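Heads up: the structure comes next, in structure tokens.
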Amino acid sequence: MTVQQKMKTLTHFIKGEEVAGTSGRFSDVYNPTTGETIARVPLASKVEVQQAIQHAKEAFPAWKKVSIGKRVEVLHRFRQLLVTKQEELIAVICQESGKTKEDAKGEIIRGIESVDMAISAPQLLKGEYSVNVGGNINAFSAKSPLGVVATIAPFNFPVMVPLAITSMAVAVGNAVILKPSERVPHSALFLSQLWKEAGLPDGIWTVVNGDKEAVNELLENKEIQAISFVGSTPVAEYIYQTGTKHNKRVAAFGGGKNFMIVMPDANLEQTANAFLGAAYGAASQRCMAISGALVVGEDTEQRFTDILKQKISQLKVGPYTEEDVDFGPVITQQSKATIISYIDGAVTEGANLVIDGRNPKVCETSNGFYVGPTLLNNITPDMTIFKEEVFGPARIVVRVETLQEAIDLINDHELGNGVTMFTSSGAAARKFQEEIEVGMVGVNVPIPIPVGYHNFGGWKRSKFGEGHMFGPDQARFFTKAKTISERWPDETEDATSSFAFPSNNDATSSFAFPSNNDAKS
């Protein structure tokens, strides 16, 4: 028997069961920490995706009719399982993504916040009611689930993002199909078992592993009512354009180039500490990671760079099995090569390499995908490393002369996911908050990611569509509103004909359009 034959082959999760792939196509799953292949995941064919959608469609009507209270009971049990099985889930995340245990735990906690938000669905589903809008007619609105919805999730948050998007979709009554990244399929299958154990009916939660063939079927299939996506900006734009072309509701979250403005009056020691975690945590593989610092003034830039250089040199990159590691590897060998090419290109364009992390000392026998913390300065806005998102630990320092220059540079950038500013000036902070054109803004906050009960989403080419991740907007995204006007006439009432729309006036017959005044037209 060959090594390939011995390797674990993963499944899909369809109709409440683990289902083997039938396409004959597979993708290798790596442990980024060691570089070893740990499994192979099936890549669903178009027909397999269609079958999964059909099962979800058949399960949806019964789940829609379940009372919101009963649906929330399932979420309560699911939440408790996330807590009790946290250590098992941490191990899964670490093995397939290379994250440190602390980072994996933080991801789970943020995911639980989203489940908590979904548990509040009864409050969010309440409609509006108006008594006697005219002619003894009462008007009210009701929210209904969409049907079968799909989520396409990224590799960098294999638990948090699926929970952030799908928990509310399930709570408000939809059937959900998750297409996780083929690089991190174990986490999605682990969550599938928790949903089943929590009592979610079969078919309401589906995991289809796959690549572009599966994605395109989700985007084009008429049974899919809405699509949520998190990933790179080019793919987010493709998801949005293709999904909306096929009349779907789409919320597609792309990348970010997130800067930290450092003012001369900031506490540079505290700011540098904030920069370390925000810039290098999770090997910088976060759409909300700080990409670089825009430092106001030559003296401030020099002092800040010196402090960063000293602190960054003390960071440790290595395997999650070591307790004192600050961050682990990047997700694939290809990612590592791409990050190094950005560093090389920046140096060629004239950047100064303050800290070189291209060949970190980890373990001589390790074949993991490691890139150490890297810092470059002497950066200009025309350089590629300034303009493009680098999904790895290559960060930059850019000197500007004024706050206005920093704001203008950020506003001119095509991406607008997150931004933060460190200062002790309330006036500067107010100017920054009012003028910056970015979706998520922080003041003296390292990474301005909203908590689970506030909406998450960037501006410009960092987000396509009107939906949000996290927050109350999710309930709106995954439901549709129905407005109902009803009147119960008294049996003795004169049945006089009327050719008018109902209005706020009490006239029994009118050829006018309804209005808020009592005058007859």
Side-chain angles (χ1 to χ4, degrees), residues 256-281 283-284 286 288-315 317 326-327 339-340 342-358 371-413 415 417-423 428 432 436 438 442 444-448:
K257 195 70 177 178
N258 312 311
F259 290 102
M260 174 186 288
I261 298 177
V262 182
M263 296 295 290
D265 59 7
N267 183 314
L268 297 187
E269 190 75 21
Q270 293 177 358
T271 304
N273 286 334
F275 183 90
L276 292 186
Y280 296 111
S284 309
R286 297 167 172 164
M288 286 293 287
I290 292 299
S291 304
L294 297 183
V295 187
V296 178
E298 181 177 359
D299 177 66
T300 308
E301 189 266 340
Q302 183 60 59
R303 290 188 293 124
F304 188 65
T305 302
D306 289 343
I307 296 172
L308 281 181
K309 182 177 180 180
Q310 184 269 331
K311 290 181 179 292
I312 292 171
S313 64
Q314 298 176 15
L315 294 178
V317 57
D326 294 295
F327 65 88
I339 296 160
I340 291 175
Y342 273 110
I343 299 169
D344 294 342
V347 173
T348 300
E349 290 182 84
N352 175 50
L353 195 55
V354 179
I355 296 285
D356 187 355
R358 288 175 289 185
V371 181
T374 299
L375 185 70
L376 304 103
N377 67 357
N378 196 31
I379 302 294
T380 57
D382 60 331
M383 292 182 179
T384 302
I385 201 167
F386 180 91
K387 293 185 289 186
E388 297 183 8
E389 180 182 32
V390 181
F391 221 56
R395 312 287 85 170
I396 61 177
V397 174
V398 184
R399 188 178 79 223
V400 294
E401 299 308 318
T402 64
L403 171 58
Q404 189 62 57
E405 182 184 353
I407 291 173
D408 290 343
L409 282 175
I410 294 168
N411 287 349
D412 287 342
H413 202 283
L415 301 177
N417 217 30
V419 66
T420 190
M421 174 189 189
F422 277 74
T423 182
F432 165 68
I436 207 71
V438 173
N444 299 323
V445 174
I447 305 178

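Everything numeric in this text was worked out from a predicted model, so none of it was measured.
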Just verifying a value: how many Å separate [X] [atom1] and [Y] [atom2], rounded to the nearest 0.5 Å?
X      : Y      : atom1 : atom2 : answer
Leu375 : Asn352 : CG    : CG    : 9.0 Å
Phe275 : Ile312 : CZ    : CD1   : 6.0 Å
Ile343 : Asp356 : CD1   : CG    : 6.5 Å
Glu388 : Leu415 : CD    : CG    : 9.5 Å
Ile290 : Leu276 : CD1   : CG    : 12.0 Å
Ile385 : Asp344 : CD1   : CG    : 10.0 Å

Handout entry: Single hit among Lys309, Gln302, Arg303 for side chain to side chain donor-acceptor pair (under 3.5 Å) with Asp306
Key = Gln302
Exercise for the section: Determine, using ring centers only, whether Phe422 and Phe432 are less than 6.0 Å apart. Expected result: no
If every non-hydrogen atom of [X] is compared with every non-hydrogen atom of [Y], which pair is closest and at what distance?
X      : Y      : result
His413 : Lys387 : NE2-O, 2.8 Å
Ala272 : Lys311 : CB-CD, 3.9 Å
Val371 : Val317 : O-CG2, 4.1 Å
Leu409 : Pro381 : CD2-CG, 3.6 Å
Ala278 : Ile447 : CB-CG1, 3.5 Å
Leu376 : Ala346 : CD2-CB, 3.9 Å

Problem - Salt-bridge contact Arg399-Glu401 (side-chain N to carboxylate O under 4.0 Å) - result: yes
Expected output: side-chain [X] to main-chain [Y] donor-acceptor under 3.5 Å:
X      : Y      : result
Asn444 : Thr423 : yes
Ser284 : Ala279 : yes
Arg395 : Tyr280 : no
Glu389 : Gly256 : yes
Thr420 : Val445 : yes

Within the 4.5 Å heavy-atom criterion, are [X] and [Y] side-chain neighbours or not?
X      : Y      : answer
Glu301 : Val400 : no
Pro393 : Ile339 : yes
Val296 : Phe304 : no
Tyr342 : Thr384 : yes
Asp408 : Glu405 : no
Glu349 : Thr380 : no

Problem - Working for side chain to side chain contact (heavy atoms under 4.5 Å, CB included), residues Ile436 and Asn411 - result: CA-CA 6 Å; Ile436 207 71; Asn411 287 349; 3.7 Å; yes
Exercise for the section: Let me know which of Asn417, Val419, Val438 forms a side chain to side chain contact (heavy atoms under 4.5 Å, CB included) with Asn258. Expected result: Asn417
Completion exercise
Which of Met263, Met260, Met421 passes side chain to side chain contact (heavy atoms under 4.5 Å, CB included) with Thr271? Answer is Met260
Problem - Between Glu269 and Asn273: side-chain donor-acceptor atoms closer than 3.5 Å - result: no
Practice task
Could you walk me through whether Val390 and Ile396 pass side chain to side chain contact (heavy atoms under 4.5 Å, CB included), step by step?
Solution key: CA-CA 10 Å; Val390 181; Ile396 61 177; over 6 Å; no
